[in-house]
Amino acid sequence: MNTSAPIETLFDRAMQSLRGMLDLLDAEQHAVATRDAQALLRLSREKASRLQGFAELQNLLRLQSLPTHLPLQDFEMLLSRCAAQNKANGMQMNLHLAQQPATLPGVRSEGYGARGETRYGGLSTSLVSV
């Protein structure tokens, strides 16, 4: 990760990362609904990798003063959408597994808690440290 990139470039990468994550979460939702175990396993690995990359970008952004011309509201909205979709996917997966555990052979709700929350870290909903 290029730590000397201009803030605008880091912000654009973070926005692209979130858009990609939302697409991935939509695919995950479909895989859960269709009980596609192979797709879920692949998407789970890809999501963990994307989360790590996004966390690195987010940390770099937190170290800098964010210019007012950046669309921070768009960023926060997209981040909130990702977090909500991720939680919904976890709840849907837990529901499917509780109803018919054998329908997703080899798939556990890895990365999700009982209420659909992400267990392996995940998306922080703010660029600023609290």
Side-chain angles (χ1 to χ4, degrees):
M1 180 89 38
N2 183 1
T3 58
S4 64
I7 187 76
E8 290 83 1
T9 301
L10 292 174
F11 187 82
D12 287 344
R13 286 185 198 157
M15 289 290 285
Q16 290 172 358
S17 178
L18 286 174
R19 287 184 192 105
M21 179 61 75
L22 195 54
D23 290 342
L24 186 108
L25 290 166
D26 288 341
E28 181 183 58
Q29 179 185 32
H30 178 74
V32 171
T34 59
R35 295 174 168 84
D36 186 343
Q38 294 300 321
L40 282 170
L41 291 171
R42 178 182 51 78
L43 291 166
S44 177
R45 286 189 293 268
E46 188 176 341
K47 185 167 61 168
S49 174
R50 282 183 181 261
L51 281 172
Q52 181 180 356
F54 177 75
E56 291 172 11
L57 282 169
Q58 196 175 28
N59 287 336
L60 290 173
L61 287 169
R62 281 188 179 127
L63 297 174
Q64 302 188 36
S65 183
L66 297 175
T68 57
H69 71 276
L70 294 176
L72 295 177
Q73 283 186 318
D74 292 347
F75 180 89
E76 295 291 336
M77 183 183 70
L78 193 53
L79 189 56
S80 292
R81 284 181 57 200
C82 286
Q85 185 63 51
N86 190 52
K87 184 174 181 176
N89 289 358
M91 292 174 70
Q92 183 181 20
M93 183 180 294
N94 286 337
L95 179 64
H96 283 302
L97 289 172
Q99 290 174 343
Q100 298 177 330
T103 60
L104 292 170
V107 175
R108 300 183 314 269
S109 58
E110 239 174 73
Y112 291 111
R115 293 180 304 270
E117 74 278 8
T118 303
R119 273 195 235 146
Y120 49 72
L123 300 171
S124 171
T125 56
S126 177
L127 280 179
V128 285
S129 300
V130 180

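Atoms considered below: every heavy atom in the structure, side chains included; atoms not considered: hydrogens, waters and symmetry mates.
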* Could you label the plane-to-plane angle of the Phe11 and Phe75 rings as parallel, tilted or perpendicular, counting under 30° as parallel and over 60° as perpendicular? => tilted
* Structure fact -> Rounding to 0.5 Å, atoms CG (Asn86) and CE (Met21) come to a distance of 7.5 Å
* **Residue pair Leu61 / Gln58, side-chain heavy-atom distance below 4.5 Å** => no
* **Glu56 side chain reached by Leu60 side chain, heavy atoms, under 4.5 Å** => no
* Asked: Rounded to the nearest 0.5 Å, what separation is found between the CG atom of Asp74 and the CG atom of Leu79?
  -> 12.5 Å
* Asked: Taking atom CZ of Arg13 and atom CG of Leu18, what is their separation to the nearest 0.5 Å?
  -> 14.5 Å
* Structure fact -> Minimal heavy-atom distance between Phe54 and Ser17, with the atoms involved, is CB-OG, 3.6 Å
* Between Asp36 and His30, is a side chain to side chain contact (heavy atoms under 4.5 Å, CB included) present by the stated rule, with each step listed? -> CA-CA 8 Å; Asp36 186 343; His30 178 74; over 6 Å; no
* Candidate pair Asn89 and Gln85, rule side chain to side chain contact (heavy atoms under 4.5 Å, CB included), full reasoning -> CA-CA 6 Å; Asn89 289 358; Gln85 185 63 51; 2.7 Å; yes
* Taking all non-hydrogen atoms of both residues, which atom of Arg50 and which atom of Leu24 are closest, and how far apart? -> NE-CD1, 4.1 Å
* Set of residues satisfying side chain to side chain contact (heavy atoms under 4.5 Å, CB included) with respect to Asn59, sequence neighbours excluded -> Arg62
* Structure fact -> Those residues at least two apart in sequence (or on a different chain) that pass side chain to side chain contact (heavy atoms under 4.5 Å, CB included) with Ser49 are none
* If you look at every heavy atom in Ala31 and Leu43, which pair is closest and at what distance? -> CB-CD1, 4.0 Å
* To do: Could you tell me which residues satisfy side-chain hydrogen bond (donor to acceptor under 3.5 Å, both in side chains) with Glu8, sequence neighbours excluded, listed by chain and number?
  => His69
* **Counterpart residues, salt bridge (charged side-chain N to carboxylate O under 4.0 Å, His left out), relative to Arg19 (two or more places apart)** => none
* Structure fact -> Hits for side-chain hydrogen bond (donor to acceptor under 3.5 Å, both in side chains) against Asp12, two or more places apart or cross-chain, chain-then-number order -> none
* Structure fact -> Interatomic distance, CE@Met93 vs CG@Leu40, rounded to 0.5 Å, equals 4.5 Å
